[in-house]
Peer 1: 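Shown below is the structure under consideration.
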Amino acid sequence: MQEPSRTTATGYPAPPFHQSNGGQPPPPSTTAYPYAAPPPYQPHPQYYNPQPYQPRYSPSRSFFRAFIATMICLAVVFGVILIITWLVLRPSLPHFTITTFSVQNFSTTSQTVSATWHLTFLLRNNNHKMSVTYNVLRPSIFYHTDYLADSQLPPLKQDTRSENSVNATLVAVDAYLQPRAVTDLNSEKSSGSVEFDVQLLASASFRSGSWRFRPRVLRVLCRKVPVGLTSKSSSGQLVGGSRECQVWT
């Protein structure tokens, strides 16, 4: 029997199918394309665009920032007012002068010194618009760098453009003095005078009307104030007249 003719999808006769084992040929293909169908269309995933983070409104944080800004502004304004007031008033430091200085009952041993000093300070307030109140006045006596005696004076108030005299008495009883310092002191006595350093610490407050500035510590130093003393005397007076003192804060 003659095998029926087969045609392909293009209309041309198909080549004969040779089966080596005499079996039946495979069934014809049900598709017109010799390759597999493409996979079904899948849409591309959409790009994720997150929204930017927006912090939550905090009333307490805003109040705190406003409070800090207000305090800073007030501090700046207050500081500017103080500076302008200080420049307008132009306060100056008082002047200190030793007008009298004497020593009595002066004696020394190999390591001690005893004496009584009497001195007078002249305080001048040259400010035209500010008064000065001295809450603390504490004078002291030194020989070179060795402390000898000190005292405490009562408070004092000075008006504008005024002068005040303040008396002080300082006593040393067997005050320790280094042997080297005692030798130098006795050597000065043999030359006819001994130089002492006078120091004054003062806590002063400046005031003009209702304006009152914070207290300031004044350091007053009167260097090498000479007192006439000889090896045979135990008392002496200031030599060379009044002595100006240095003042700083």
Peer 1: CZ/F106 to CG/L185 distance, rounded to the nearest 0.5 angstrom?
Peer 2: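 Output value for this atom pair is 4.0 Å.
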Peer 1: Measuring only between side-chain heavy atoms, which start at C-beta, is N135 closer than 4.5 Å to P155?
Peer 2: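 Side-chain contact under 4.5 Å: no.
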Peer 1: Could you grab the distance from atom OG1 of T249 to atom CG of L218, nearest 0.5 Å is fine?
Peer 2: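 T249 OG1 to L218 CG: 7.0 Å, rounded to 0.5 Å.
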Peer 1: Determine whether a donor-acceptor pair (N or O, by modelled atom type, separation under 3.5 Å) exists between the side chain of E188 and the backbone of E195.
Peer 2: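 Confirmed, E188 side chain pairs with E195 backbone.
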Peer 1: Is there a chain of hydrophobic side chains (I, L, V, M, F, W, Y, each step under 4.5 Å between heavy atoms) that links V247 to F121?
Peer 2: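 Yes, same cluster.
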Peer 1: What's the shortest heavy-atom distance between Q158 and L123, and which atoms?
Peer 2: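 Heavy atoms of Q158 and L123 come nearest at NE2-O, 2.8 Å.
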Peer 1: If you group Ile, Leu, Val, Met, Phe, Trp and Tyr by side-chain heavy-atom gaps below 4.5 Å, do L238 and L170 land in one group?
Peer 2: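 Hydrophobic grouping puts L238 with L170.
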Peer 1: Looking at CG of N186 and OG of S110, how far apart are the two atoms once the value is rounded to the nearest 0.5 Å?
Peer 2: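 OG of S110 is found 10.5 Å from CG of N186.
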Peer 1: Can you name the residues that form a salt bridge (Lys or Arg N to Asp or Glu O under 4.0 Å) with R65, not counting sequence neighbours?
Peer 2: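 With sequence neighbours excluded, R65 shows a salt bridge (Lys or Arg N to Asp or Glu O under 4.0 Å) to no residue whatsoever.
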Peer 1: Quick one: closest heavy-atom pair of S140 and D150, and the distance?
Peer 2: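 Nearest pair, atom of S140 first, then D150: CB-CB, 3.7 Å.
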Peer 1: Same cluster for W248 and L201 if Ile/Leu/Val/Met/Phe/Trp/Tyr side chains link at under 4.5 Å?
Peer 2: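 Different clusters.
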Peer 1: For residues 169-180, which residue pairs pass the side chain to side chain donor-acceptor pair (under 3.5 Å) check, not counting sequence neighbours?
Peer 2: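 Found S114-D174, H118-T169, Q178-R180.
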Peer 1: Between N125 and D159, what is the shortest heavy-atom contact and its length?
Peer 2: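 Looking at all heavy atoms of both residues, the closest pair is ND2-O, 2.9 Å.
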Peer 1: Just so I know, are the side chains of F196 and L148 near enough to count as touching, which here means a heavy-atom distance under 4.5 Å?
Peer 2: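 SC-SC contact between F196 and L148 confirmed.
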Peer 1: Of the non-hydrogen atoms in S235 and Q104, which two are nearest, and what is the gap between them?
Peer 2: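 Heavy atoms only, the tightest pair is CB-CA, 4.1 Å.
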Peer 1: If you round to the nearest 0.5 Å, how far is NE2 of H144 from CG of D197?
Peer 2: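 Separation between the atoms: 8.0 Å.
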Peer 1: Of all the heavy-atom pairs spanning K129 and S208, show the shortest one and how long it is.
Peer 2: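 So the two residues come closest at O-OG, 2.8 Å.
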Peer 1: What's the separation between atom CD in Q199 and atom CZ in F142, rounded to the nearest 0.5 Å?
Peer 2: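 Nearest 0.5 Å value for the CD-CZ distance: 5.0 Å.
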Peer 1: Is there a chain of hydrophobic side chains (I, L, V, M, F, W, Y, each step under 4.5 Å between heavy atoms) that links Y143 to V171?
Peer 2: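 Per the 4.5 Å side-chain linkage, Y143 and V171 are not co-clustered.
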Peer 1: Does the side chain of N127 come under 3.5 Å of the side chain of S92 through a donor N or O and an acceptor N or O?
Peer 2: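 Indeed, the side chains of N127 and S92 share at least one donor-acceptor pair under 3.5 Å.
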Peer 1: Hey, are the side chains of V136 and Q152 touching, using non-hydrogen atoms and a 4.5 Å cut-off?
Peer 2: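 Yes. Closest side-chain heavy atoms under 4.5 Å.
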Peer 1: Compile the donor-acceptor pairs under 3.5 Å between side chains in residues 219-231 and protein atoms, sequence neighbours left out, one pair per line.
Peer 2:
unit_1: T230; atom_1: OG1; unit_2: S233; atom_2: N; d: 3.3
unit_1: T230; atom_1: OG1; unit_2: S233; atom_2: OG; d: 2.9

Peer 1: Within the side chain of T99, is there an N or O that forms a donor-acceptor pair under 3.5 Å with the backbone of L122?
Peer 2: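 No, T99 side chain to L122 backbone: no donor-acceptor pair under 3.5 Å.
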Peer 1: Can you confirm whether Y134 sits close enough to V166 that some side-chain heavy atom of one is under 4.5 Å from a side-chain heavy atom of the other?
Peer 2: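 No, side chains not in contact.
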Peer 1: Work out which heavy atom in L200 is nearest to a heavy atom in P139; give both atom names and the distance.
Peer 2: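 What the structure gives for the nearest pair is CD1-N, 3.5 Å.
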Peer 1: Determine whether V239 and F101 fall in the same hydrophobic cluster, where Ile, Leu, Val, Met, Phe, Trp and Tyr are linked whenever their side-chain heavy atoms lie under 4.5 Å apart.
Peer 2: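 No; F101 is not reachable from V239 via cluster members.
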Peer 1: With heavy-atom distances below 4.5 Å as the criterion, would you say the side chains of L177 and T108 are in contact?
Peer 2: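 They are not in contact (no side-chain heavy atoms under 4.5 Å apart), so the answer is no.
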Peer 1: What is the distance from atom NZ of K157 to atom OG of S131, rounded to the nearest 0.5 Å?
Peer 2: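 One gets 5.0 Å once the value is rounded to the nearest 0.5 Å.
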